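Just below is one structure, and these are the notes that go with it.
Source: prediction; values computed, not measured. Quick note on labels: first sequence line is chain A, next is B, and so on, each numbered from 1.
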Amino acid sequence: MATNNKVRVRFAPSPTGGLHLGGVRTVLFNYLFAKQHKGDFILRIEDTDQSRFVPGAEQYIVDCLTWCGLIPDESPSLGGDYAPYRQSERKPLYRQYAEQLVESGHAYYAFDTPEELDAMRAKFKSEHNASPQYDHQVRMQMRNSLSLPSHEIKRLLDEGIPHVIRIKMPVDEVVGLKDMIRGGVNFNTSQVDDKVLLKGDGMPTYHLAVVVDDYLMKITHAFRGEEWLPSAAVHVLLWKYLGWEDAMPQWAHLPLILKPDGNGKLSKRDGDRLGFPVFAMDWLDPKTNELTKGFKELGFLPSAFINLLAMLGWNDGTTRELFTLDELIHNFSIERVHKGGAKFDFEKAKWFNHEWIKNSTAKALFPEVKKLFEQENVAINNDAQLERVIELTKERCTLLTDFITQGKFFFVAPEEINGEPIKAKWNSDKANFFEEFSRLLKATDTIDAISAETIFKNLATEKNIKPGELQLPLRIMLVGDKYGPPVFDIAATLGKDETCIRILSALAQLP
RNA sequence: GGCCCGUUGGUCAAGGGGUUAAGACGCCUCUCUUUCACGGAGGAAUCACGAGUUCGAUUCUCGUACGGGCUACCA
């Protein structure tokens, strides 16, 4: 193990679609660990399967990381000492290592066609073997450089017959690894199949590429999802067979994020079904033109998104739940990451965002909120006014998009008012009250919440009406409905002129 | 089916031989406020099961059950 080297970690997604929140969490844990150790975080694109390649997916991943503030130190676009960072561009590199393994007897050529593979699986499939593997039990019955006579192998190779290179798993050996989260994990090699290392098209599979690139890029710690644990035996063996055992990274297999109901890992489908996002940002599938909603566009703050992801499977041992990225960097510890998967809870996710909005200053929230208003075609020509509105409304906004409903009426008078809640108790005395109230307001210089309330209450006393019975009507006149911040704050923010206009206009609509 | 990983309230979880088994989300009640929130005070709700070790197991060991992952020329 390369103990003296600088910490280097990588996130290695394949550009096949939207970035799942589990992926972002993997990035986050990698990033936190790297930054805590003053190390490097590398983005490597694993595009070895051209059949699954989706145009735009790589840029989308970069955009998501940027939004989250998890910026790589090396990446395809940034470059770095170990470029290229796209595996498709590294294609010529891999073959030699595969060949090296063939020469050392740890791998072999296999010429089986997809049909032959299917036939093998069909032949051996039984209730005792639900999913037959290409392994030490069957490989001598297949067409490969272990089973075929040497002149036949030479002929096939000379004729350029398509073939793959498979690892030759040893029989009945124990391969172990130390996982930073789980401790020791052992596998019996007889149980593991002869995984394809180099594909027919000359591209490496994940198994070969991850080992070769982690070695070449001097990766010291490899964190990935738990779904990789079963194939870790292959990777450990590869490190050994390639003669790089001393440079093997330390492993940590992260628990999965599970669907909130039922069982299984969280998928995009679950989000669609249950009505919450699973991707970090909006993802437009270029093939189907289908748009999948993201946390960003739904109104999440990146800081909240990062925070809630960090708490999914990790905590610092105290009751603290709110952390900034910097605080996470200081407090994070891979050893405290849970072993068990966590069901995703969208309600809790929203709570995090609500907390972050409440704790943010109006100034900090301003740019995003202004953008939102502009998208809604609500012109903001008074920035200071918007900032006041944000300050006034932020505690009742769970999502950034809530600022629209909570704040729009400050800039655009309600088109019609909902008189329903006050209809029953409405009468001419109250109408008179509001007429007079607007007259009094007009006569004052300026109003603030206190003075407006004083005028309002004094007049109510004078007219012998309970102020409480007048507050809801006033709210509805100003807002159009029964929501929003304290009503005199609204009046003060609107200013006396606009307040009077709205009162009079509402009066005209009430019976 | 096989292999691997896991299991504390509905959810996220702290704890790790002796505790009234924290805290948070959500839910409910009350309070504040005659909007909705925020804030405050309460409440219901948990150690999967069975053995073993022990004076004593939620905690350690082993089984069982349950859940999950993997089992592709996908990652």
Side-chain angles (χ1 to χ4, degrees), chain A residues 12-16 46-49 51-52 110 112-114 117-118 121 125-135 162-166 179 181-182 185-188 190-193 195-207 209-210 224-233 253 255-256 258 260-265 308 311-322 336 338-352 354-355 358 393-398 402 406 421 466-472 474-476 479 481-487 490:
Chain A
S14 61
T16 53
E46 308 231 347
D47 54 350
T48 54
D49 184 356
S51 70
R52 295 211 310 157
D112 315 275
T113 63
L117 257 17
D118 287 344
R121 293 199 178 94
K125 184 164 181 159
S126 71
E127 55 188 63
H128 298 296
N129 190 0
S131 193
Q133 303 190 121
Y134 197 121
D135 61 14
H163 61 275
V164 302
I165 294 180
R166 286 179 181 271
D179 187 284
I181 297 171
R182 291 153 210 283
V185 181
N186 295 309
F187 301 89
N188 186 306
S190 293
Q191 236 74 236
V192 185
D193 63 329
K195 293 242 181 286
V196 170
L197 264 22
L198 200 73
K199 299 190 262 192
D201 63 1
M203 278 286 197
T205 58
Y206 172 84
H207 307 293
V210 73
R224 64 210 325 187
E226 187 185 351
E227 70 267 31
W228 291 107
L229 202 43
S231 55
H253 290 87
L256 268 13
L258 279 11
D261 61 339
N263 314 306
K265 59 175 171 179
L308 74 92
M311 301 309 289
L312 225 45
W314 174 84
N315 68 79
D316 74 343
T318 73
T319 61
R320 165 122 96 126
E321 293 187 283
L322 267 15
R336 283 196 66 88
H338 273 242
K339 297 183 179 76
K343 290 184 180 174
F344 181 68
D345 181 359
F346 189 52
E347 291 306 319
K348 182 87 187 220
K350 284 193 292 192
W351 175 82
F352 274 104
H354 193 12
E355 289 299 309
K358 279 192 299 179
T393 54
K394 64 178 184 167
E395 76 183 14
R396 60 205 81 206
C397 293
T398 298
D402 291 339
Q406 288 293 330
K466 275 191 246 163
E469 290 195 13
L470 296 162
Q471 280 195 30
L472 189 57
L474 178 59
R475 167 177 300 282
I476 287 179
V479 178
D481 216 326
K482 43 187 295 188
Y483 62 88
V487 71
I490 295 173

B/rC30 -> Watson-Crick or G-U wobble partner, both distances under 3.5 Å, gives B/rG40
Salt-bridge contact A/Glu321-A/Lys348 (side-chain N to carboxylate O under 4.0 Å) | yes
Separation of the P atoms in B/rU59 and B/rG43, to the nearest angstrom = 28 Å
For the pair A/Trp228 and A/Tyr206, name the ring-plane relationship: parallel under 30°, tilted 30 to 60°, perpendicular over 60°.
-> parallel
Could you pull out the closest heavy-atom pair between A/Thr48 and A/Pro204, with the gap in Å?
-> CB-O, 3.4 Å
When we call it a touch if two heavy atoms are under 4.0 Å apart, what does A/Lys350 touch: a base, just sugar-phosphate, or nothing?
-> nothing
If we only count heavy atoms from C-beta on, is the A/Phe352 to A/Leu322 side-chain gap below 4.5 Å?
-> yes
Side-chain-base donor-acceptor pair under 3.5 Å for A/Lys195 and B/rA72 = no
Determine, for nucleotides 1-7 of chain B in 5'-to-3' order, which nucleotides have protein heavy atoms under 4.0 Å from the base (write B), from only the sugar-phosphate (write S), or from neither (write -).
-> BSSSBS-
Both distances under 3.5 Å, Watson-Crick or G-U wobble: report the partner of B/rG1, or none.
-> B/rU71
Check the distance between B/rA13's P and A/Phe352's CZ and give it to me in whole angstrom.
-> 10 Å
Roughly, in whole Å, what's the span from CD in A/Glu347 to C1' in B/rC27?
-> 11 Å
Tabulate protein N/O versus nucleotide N/O from nucleotides 73-75 of chain B, keeping only pairs under 3.5 Å, one per line.
unit_1: B/rC73; atom_1: OP2; unit_2: A/Arg166; atom_2: NH2; d: 3.2
unit_1: B/rC73; atom_1: O2; unit_2: A/Gly200; atom_2: N; d: 2.6
unit_1: B/rC73; atom_1: N4; unit_2: A/Asp112; atom_2: O; d: 3.2
unit_1: B/rC74; atom_1: OP2; unit_2: A/Lys199; atom_2: NZ; d: 3.1
unit_1: B/rC74; atom_1: O2'; unit_2: A/Asp49; atom_2: OD2; d: 3.3
unit_1: B/rC74; atom_1: O2'; unit_2: A/Arg52; atom_2: NE; d: 3.1
unit_1: B/rC74; atom_1: O2'; unit_2: A/Arg52; atom_2: NH2; d: 3.1
unit_1: B/rA75; atom_1: OP1; unit_2: A/Thr48; atom_2: OG1; d: 2.7
unit_1: B/rA75; atom_1: OP1; unit_2: A/Lys199; atom_2: NZ; d: 2.8
unit_1: B/rA75; atom_1: OP2; unit_2: A/Tyr206; atom_2: N; d: 3.3
unit_1: B/rA75; atom_1: O3'; unit_2: A/Glu46; atom_2: OE1; d: 3.3
unit_1: B/rA75; atom_1: O2'; unit_2: A/Ser14; atom_2: OG; d: 3.2

Contact class for A/Gln471 (heavy atom, under 4.0 Å): base, sugar-phosphate, or nothing?
-> sugar-phosphate
When the nearest nucleotide of RNA chain B is assigned to A/Gln406 and to A/Arg336 on a heavy-atom basis, which residue is associated with the more 5' position?
-> A/Arg336
So what does A/Gly225 touch, heavy atoms closer than 4.0 Å: a base, only the sugar-phosphate, or nothing?
-> nothing
Using a heavy-atom cut-off of under 4.0 Å over every strand shown, decide if A/Pro486 touches base, sugar-phosphate, or nothing.
-> base
Base paired to B/rG6 (Watson-Crick or G-U; both N/O distances under 3.5 angstrom) | B/rC66
P atom, B/rU54 versus B/rC49: distance in rounded Å?
-> 23 Å
Testing B/rA22, B/rA24, B/rU35 for proximity to the side chain of A/Trp351, the answer is B/rA24
May I ask you to verify if any side-chain N or O of A/Lys348 is less than 4.0 angstrom from the OP1 or OP2 atom of B/rA13?
-> no
5′-ward residue of the pair A/Ala349/A/Asp481 relative to RNA chain B = A/Ala349
Nearest to side-chain heavy atoms of A/Tyr483, which nucleotide of B/rG10, B/rU35, B/rA13 | B/rU35
Polar pair under 3.5 Å, donor/acceptor by atom type, side chain A/Arg396, base B/rC38 | no
For B/rU20, which nucleotide in any strand shown is its Watson-Crick or wobble partner with both distances under 3.5 Å?
-> none
B/rC38, B/rC25, B/rG23: which one has an atom nearest the side-chain heavy atoms of A/His354?
-> B/rC38
For A/Gly484, report the nucleic acid contact type (base, sugar-phosphate, nothing); a contact means any heavy atom under 4.0 Å.
-> base
Using a 4.0 Å heavy-atom cut-off across all strands, classify A/Pro485 as base, sugar-phosphate, or nothing.
-> base
